[in-house]
Colleague: 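Starting off with a structure, shown below.
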Amino acid sequence: MGTPVTVTVTGAAGQIGYALLFRIASGQMLGPDTPVRLRLLEITPALKAAEGTAMELDDCAFPLLSGIDITDDARKAFDGTSVALLVGARPRGPGMERADLLAANGGIFKPQGEAINAVAADDIKVLVVGNPANTNALIARTHAPDVPADRFTAMMRLDHNRALSQAAQKLGVGVADITRMTIWGNHSASQYPDLFHAQFGGRPVAEQVEHDWLENTFIPTVAKRGAAIIDARGASSAASAANAAIDHVRDWVAGTPEDDWVSAAVVSDGSYGVPEGLISGFPVTSSGGSWQIVQNLELDDFSRGKVDASVAELAGERDAIKELGLI
Ligand code: NAX
């Protein structure tokens with residue numbers, strides 16, 4: 001067995017944290033040969049709950065878990081860390097305007113970016129889960145100027161997995177039979193799940209379903225799935241969000257299969273007309289521990305309009321955080 005990899009989870013006492021930590025400790029994220037050292041970052045009032053989770057982790061006697069540290073100090077939490085899962089965020093409260101929400105999250109993601117910049121390991125990989133995920137990632141990234149920009153990502157994988165599942169159910173096939181799914185843009189209701197490039201049996205899924213279903217059922221079902229879960233469960237997605245975070249980091253580290261791709265929000269290099277620097281959902285492959293944006297896909301007018309609308313929302317969020325002095 002190698003030396004343990006330090007993995008930091010923020011918001012560790014929350015419901016996604018509870019669904020995530022056991023899977024990381026069991027080896028499902030970094031593989032069965034990689035021991036992990038967990039660092040749990042929480043706000044002071046939640047430290048006791050985090051300790052409870054750590055007690056349960058101990059009680060699992062995971063052979064790969066080499067230790068757990070719990071702290072409310074970001075500098076300690078990110079010291080030497082190689083994988084940072086930024087899950088803790090400030091949810092939108094009643095009557096909260098977008099600017100208030102962004103400002104509150106700036107108060108979390110700015111110091112976390114600074115701490116990552118100062119103390120994380122050279123190979124640090126960051127996945128932002130806490131919403132608004134893409135813009136929180138942009139805030140953190142801006143305050144970590146010494147870390148290569150491509151190490152900051154935000155999670156589109158839950159939307160991706162939701163889209164795979166909806167498309168597979170429609171076609172009556174297994175999820176593994178659908179390839180090349182993409183979620184473009186923002187992790188929000190404006191996201192664009194793309195069936196024109198997704199394939200089943202070597203042909204675009206869009207050619208195998210009615211356009212009316214694609215536009216008026218599939219896209220809204222995927223984009224509003226989070227609200228449907230809250231309505232049904234009385235709580236937001238937790239196990240599926242944790243599962244998506246595991247998928248994202250596993251593929252980042254281990255690579256994606258030949259002839260397929262996944263969705264992740266990565267820093268735009270200007271591909272597909274997405275303004276450089278925005279952290280947007282793209283089709284991506286991974287090899288050698290880094291993401292590459294899949295190039296040269298044709299976007300027809302329908303897809304172009306949907307991508308542009310979601311990217312415009314991201315640009316609006318970027319302008320708002322600029323105005324607030326957060327980037
Ligand atoms: P919970 O409210 O259960 O847990 C959040 C935890 O974060 C709490 O324990 C809180 O004490 C902690 N926290 C708050 N500020 C912190 C800080 N500055 N440092 C460290 N910890 C801090 O929320 P949960 O259901 O776990 O969701 C977490 C985040 O994931 C939310 O922002 C949620 O909106 C977001 N989601 C993102 C998804 C995605 O696909 N990107 C999907 C699922 C989820 O909705």
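Numbers here simply count residues along the sequence, with the first being 1. When a ligand or atom number is given, it counts from 1 through the structure's own listing order. Quick caveat, the model's predicted, so the values are computed rather than measured. The figures here come from the full heavy-atom set of this structure, side chains too, leaving out hydrogens, waters and symmetry mates.
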Colleague: Using a strict cut-off of less than 4.0 Å between a Lys/Arg side-chain nitrogen and an Asp/Glu carboxylate oxygen, indicate whether D69 and R37 qualify as a salt bridge.
Modeller: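 Yes, D69 and R37 are salt-bridged.
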Colleague: Same cluster or not: are V284 and W252 linked, directly or through other Ile, Leu, Val, Met, Phe, Trp or Tyr residues, by side-chain heavy atoms under 4.5 angstrom apart?
Modeller: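 In one cluster: yes.
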Colleague: When you look for protein heavy atoms under 4.0 Å from ligand 1, which residues do they belong to?
Modeller: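 Its neighbours under 4.0 Å (heavy atoms only) are G11, A13, G14, Q15, I16, L41, E42, I43, A46, V87, G88, A89, I108, Q112, V129, G130, N131, M155, L158, H187, S236, S237, A241, given by chain and number.
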Colleague: Look at the side-chain heavy atoms of Ile, Leu, Val, Met, Phe, Trp and Tyr, link any pair under 4.5 Å apart, and say whether V9 and V249 land in one connected group.
Modeller: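 They do share one cluster, since a chain of ILVMFWY contacts under 4.5 Å joins V9 to V249.
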Colleague: side-chain hydrogen bond (donor to acceptor under 3.5 Å, both in side chains) between T221 and Q166: does it pass, once the steps are laid out?
Modeller: CA-CA 8 Å; T221 299; Q166 293 300 320; 5.1 Å; no
Colleague: For a 4.5 angstrom cut-off between non-hydrogen side-chain atoms, does L86 reach F78?
Modeller: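 Sidechains of F78 and L86: in contact.
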Colleague: With the side chain counted from C-beta on, respond yes when I219 and Q191 share a heavy-atom pair under 4.5 Å apart, and no when they do not.
Modeller: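 SC-SC contact between I219 and Q191 ruled out.
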